[in-house]
Amino acid sequence: MTGAFLAGVVAGYGVAIPVGAIAVLILGLAARTSLRVGAAAALGVATADGLYAAIAAFGGAVVAGWLAPAATPLRLTAAAVLMILAGHGAWRALRPRPPAPDDGGRSGARAARRGLDTPARAFAGILALTLLNPATIVYFTALVLGRVDLGGSGIVVAASFTLGVFLASVSWQLLIAVGGAMVGRVLTSARGRMITALVSSAIVAALAVATLLDR
């Protein structure tokens, strides 16, 4: 159970660390409304990650027995999917991109005016936006089905993995919200985005290697 929880923590940070549009939105909401709104938005992201992790983990626990005869090809396929995700993340981090225009924070203000200016609305809105990313469930499914110790040991293991993912995601998103504008300027700069994307890619690549080595 402890191993599955720690695996969930690592997997959760792997998917949460890259700073993208959602993180920038959380930052803007926290800076321009209140910490409560930013924290609610952070919980929305973590809830979406937890839901996708639960679907993958509990689904993996159910079908693991059926897939046992194909364990080796499945593990190789899962490792390949994870490595592709890691490579894609690194490529996106390193490719040249035009500088983002500085709008003086107006995008965050517009987001607040669009109805995310209360904790309940921020939670629901950011939850819905995060659930629209299908790559998240592909990531968790590949990880769970590629690791026998995560997918084949029952409901408790699946729940432990899901809890680890949720806690990792919520801790990172809350860090962004609590950090406010000062930390946000560092994380959302071109260098900050590159570093966080590369860190995430390294974590996912390490998970791919661990999947290959799992027996």
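All residue numbers refer to positions in the sequence shown, counting from 1.
The minimum heavy-atom distance linking Leu43 with Phe166 is given by the pair CD2-CZ, 4.5 Å. Counting all heavy atoms, side chain and backbone alike, Gly38 lies closest to Ala30 at CA-CB, 3.9 Å. The two residues Gln173 and Ala42 come nearest to each other via the heavy atoms CB-CB, 3.4 Å. Closest approach of Ser171 and Tyr13 over heavy atoms only: OG-OH, 2.8 Å. Of all heavy-atom pairs between Leu131 and Ala48, the closest is CD2-CB, 3.8 Å.
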task: Evaluate side-chain contact (heavy atoms from CB on, under 4.5 Å) for Val178 paired with Leu35, printing each intermediate quantity in order.
output: CA-CA 7 Å; Val178 172; Leu35 178 58; 3.9 Å; yes

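Every residue meeting the side-chain contact (heavy atoms from CB on, under 4.5 Å) condition with Ala54, not counting sequence neighbours, appears here in chain and number order: Phe58, Thr162. Applying the side-chain hydrogen bond (donor to acceptor under 3.5 Å, both in side chains) test to Ser169 and every residue at least two apart in sequence or in another chain returns Asp49. Under the side-chain contact (heavy atoms from CB on, under 4.5 Å) criterion, Ile22 pairs with Ile26, Val45, Ile126, Leu129, Thr130, not counting sequence neighbours. Applying the side-chain hydrogen bond (donor to acceptor under 3.5 Å, both in side chains) test to Ser34 and every residue at least two apart in sequence or in another chain returns nothing.
Interatomic distance, OG1 of Thr47 versus OH of Tyr52, reported as 13.0 Å (0.5 Å rounding).
Counting only heavy atoms from C-beta outward, the side chains of Thr118 and Val37 never approach each other to under 4.5 Å.
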